[in-house]
Amino acid sequence: PRVAGTGVTVRRIVGWYKLGLSPEEIATQIPHLTLAQVYAALAYYHANRDEIEQDLAQEDAAATQLEQLHSQSRA
């Protein structure tokens, strides 16, 4: 899912939120988003936490697999 009218994904906002950034700090990092849009993305995350957490876990697993393949090809 993306913030309406932008290319910014909810995952991107959640990633920064999980790193400890406040909604205000996230809005500063992505200046074309309003604070209301950041809060809407976080509300979506909290309402759909299982789905988004599963998506994040799959993305992490894919990144780990690619790193392993890359390190094996260098050996």
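Chaining together hydrophobic side chains whose heavy atoms lie under 4.5 Å apart places Leu35 alongside Tyr39.
Remark: Glu67 engages no residue in a side chain to side chain contact (heavy atoms under 4.5 Å, CB included) (not counting sequence neighbours). Take Thr34 and apply the side chain to side chain contact (heavy atoms under 4.5 Å, CB included) test, not counting sequence neighbours, and it matches Ala36, Gln37. With sequence neighbours left out, Glu59 forms a side chain to side chain donor-acceptor pair (under 3.5 Å) with Arg11. Residues satisfying the side chain to side chain contact (heavy atoms under 4.5 Å, CB included) test with Leu66, not counting sequence neighbours, are none. Partners of Glu53 according to the salt bridge (Lys or Arg N to Asp or Glu O under 4.0 Å) rule, which considers only residues two or more places apart in sequence or in another chain, are Lys18.
Of all non-hydrogen atoms in Ile13 and Val38, the two that sit nearest each other are CG2-CG1, 4.2 Å. Listed here is the closest heavy atom pair of Leu42 and Pro23: CD1-CG, 3.8 Å. Taking both residues in full, the closest heavy atoms of Leu21 and Glu25 are given as CA-OE1, 3.2 Å, listed atom of the first, atom of the second, then distance. Looking at every heavy atom in both residues, Ala41 comes nearest to Val3 through CB-CG2, 4.2 Å.
For residues 26-52, no residue pair satisfies the salt bridge (Lys or Arg N to Asp or Glu O under 4.0 Å) rule, not counting sequence neighbours. The salt bridge (Lys or Arg N to Asp or Glu O under 4.0 Å) analysis of residues 30-44, with sequence neighbours excluded, yields no pairs.
Atom CD1 in Ile52 sits 11.5 Å away from atom CD in Gln54 (nearest 0.5 Å).
Thr6 places none of its side-chain heavy atoms less than 4.5 Å from the side chain of Ile30.
For Gln65, the CD atom counts as loosely surrounded, since its 6.0 Å shell holds 12 or fewer non-hydrogen atoms of other residues, nucleotides or ligands.
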